[in-house]
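Remarks on the structure that follows.
Just so we're on the same page: letters track the sequence lines, and every chain starts at 1. On a predicted model such as this, the values are computed, not experimentally measured, just so you know. When reading the values below, keep in mind they use all heavy atoms of this one structure, side chains included, and skip hydrogens, waters and symmetry mates.
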Protein chains: 2
Amino acid sequence: MKSDVVPPEVESPVKRPRGRPRKTVDERDDGNRRQALLAHAAQLFRRKGFDATTTRDIAAAAGMQSGSPFYHFKSKDALLYAVMEEGMRSALARQLTTTQAPGYSDLSAADQLRLLVAAHFSVLLGPGSDFVPVMLYESRALPVRQRKSLALLIGKYESLWLPVLNSLHASGQLRAPVRLARLLILGALNWTVQWFDPKKGASLQELTDAAMSLFLKEC
Amino acid sequence: MKSDVVPPEVESPVKRPRGRPRKTVDERDDGNRRQALLAHAAQLFRRKGFDATTTRDIAAAAGMQSGSPFYHFKSKDALLYAVMEEGMRSALARQLTTTQAPGYSDLSAADQLRLLVAAHFSVLLGPGSDFVPVMLYESRALPVRQRKSLALLIGKYESLWLPVLNSLHASGQLRAPVRLARLLILGALNWTVQWFDPKKGASLQELTDAAMSLFLKEC
DNA sequence: CCTACCGATCGGTAGG
DNA sequence: CCTACCGATCGGTAGG
């Protein structure tokens with residue numbers, strides 16, 4: 001197919017007043033259209049993976065034409081990064097409201113860990129939780145630059161677990177080295193994305209109980 | 001500039017009669033070329049993911065031209081499946097030689113679990129271990145038909161853990177429900193693919209010790 | 001296993 | 001945000 005048929009009717013006398021919108025920013029804040037794109041992108045990235053999801057898929061899911069996502073995001077990578085950043089932001093916010101709630105510091109270390117685990121599961125498996133799983137399982141698709149930027153947030157999130165784990169290690173309820181214990185515990189939690197189905201089997205509560213009784217000695 | 005570089009030694013009189021080889025089979029067993037394709041595919045699938053790896057990448061890594069992988073595998077999907085099947089086959093073989101070794105049944109349940117964990121880590125993180133990680137992290141890319149076929153092998157592998165875990169549960173060394181415990185434990189182990197680096201940090205031995213002391217009560 | 005392709009698709013863009 | 005594209009790439013194949 002060559003360039004032969006140009007429809008002559010598409011000639012508007014009134015051009016756009018000030019040219020096209022700036023393209024130098026990664027995204028524009030045009031309200032809910034951008035949010036809709038993010039939510040559908042998160043869902044599709046989670047279900048099919050980043051590479052197997054086309055920008056056309058995302059546009060169609062949001063009710064747009066194929067080129068329109070690029071009005072809101074300058075590239076597919078930028079969309080992925082926005083999804084992941086939103087995921088980390090919500091995970092961090094959730095964790096902070098947990099640890100800063102009144103009475104948290106009065107709890108036993110075991111109960112503190114239980115709250116952290118429950119919050120982690122909630123943001124990972126609860127309703128509307130597509131952003132964090134995408135961050136966990138698709139970060140390989142991210143350019144190195146942005147991966148490092150995300151690593152800062154991840155490091156902050158992981159460091160929030162250390163005081164509790166140190167305390168449990170000191171009291172003998174956690175015997176494994178704290179650094180390895182944190183990696184193994186978070187691994188067990190993160191892997192639930194692969195098999196947990198809220199509509200059948202165990203509840204989030206039972207899952208949290210099982211994790212606690214698996215990790216802690218309390219004897 | 002094409003028909004002059006045919007090495008005369010590959011011209012076997014009994015080789016191929018004429019025409020092209022049958023295409024009805026998924027693969028042909030032509031020895032090490034097929035194995036080389038599999039190994040390079042496993043490595044690339046693991047590092048970049050299935051969708052981000054092109055059949056041209058694989059061909060180049062194996063020193064072939066872009067169309068040649070399709071002489072050995074009828075599709076990119078067939079290559080992925082072959083990698084995964086090889087992964088599961090080696091994992092099962094490893095696990096069976098562990099549990100059927102002389103003296104295994106005389107060990108304590110805790111020591112039996114330790115052997116299973118060590119074998120799992122070996123096949124997951126040891127030298128030349130690209131096949132199992134691909135199976136763990138890329139099965140979403142597999143057509144449903146073949147995914148179900150793999151699920152049989154996976155179920156068999158997972159069921160091998162149940163006797164040991166049941167025994168530990170009965171003796172109080174494992175308090176979590178066995179079904180959930182198995183999922184959480186294997187999750188913790190499988191996630192090590194994301195962070196374990198054999199060239200720095202802990203050794204496989206230390207990793208196994210940490211996992212055992214994290215999961216078991218031994219009190 | 002190579003050469004020489006093809007049809008389809010995809011990320012992205014010009015211009016409005 | 002839509003229309004109408006393009007250049008590049010990719011899985012796969014015909015024929016030897």
Who does C:dA14 pair with, Watson-Crick or G-U, both distances under 3.5 Å?
D:dT3

Do you know the tightest heavy-atom contact between A:A210 and B:L180?
CB-CD1, 3.7 Å

Work out which heavy atom in B:F50 is nearest to a heavy atom in B:A141; give both atom names and the distance.
CD2-CB, 3.5 Å

What integer distance in Å separates A:R33:CZ from D:dC1:P?
5 Å

Separation of C:dG12 P from A:I58 CD1 (nearest whole Å):
11 Å

By the 4.0 Å heavy-atom rule, please label B:T54 as base, sugar-phosphate, or nothing.
sugar-phosphate

Between atom CZ in B:F73 and atom P in D:dG12, what is the gap in whole Å?
13 Å

Tell me: NZ of B:K74 to C1' of D:dG11, nearest whole Å?
13 Å

Would you say A:E85's side chain and A:A82's backbone share a donor-acceptor pair under 3.5 angstrom?
no

A:M64 has its side chain closest, among D:dC2, C:dG12, D:dG11, to D:dC2

Rounded to whole Å, please give me the gap between CG in B:L37 and P in C:dC2.
10 Å

Please report the shortest heavy-atom distance between B:L37 and B:A62, naming the atom on each side.
CD2-CB, 3.9 Å

Rounded to whole Å, how long is the line connecting atom CG of A:D51 with atom P of C:dT9?
18 Å

B:E138 and B:L80 have their tightest heavy-atom pair at O-CD2, 4.2 Å

B:Y71 has an atom OH; how far is it from atom C1' of C:dA4, in whole Å?
19 Å

What nitrogen or oxygen pairs link the protein and nucleotides 5-8 of chain C at under 3.5 Å?
none

Side chain of B:F70 (C-beta onward), nearest among C:dG12, D:dT13, C:dC1
D:dT13

Can you say whether the rings of A:Y137 and B:Y137 are parallel (under 30°), tilted (30 to 60°) or perpendicular (over 60°)?
tilted

Parallel, tilted or perpendicular for A:W161 and A:H120, by the 30°/60° rule?
perpendicular

D:dA8: pairing nucleotide in any strand, Watson-Crick or G-U under 3.5 angstrom:
C:dT9

Are OP1 or OP2 of D:dT3 and a side-chain N or O of A:Q65 less than 4.0 angstrom apart?
yes

Checking D:dC2, C:dG11, C:dG12 against the side chain of A:T55 (C-beta onward), the nearest is C:dG11

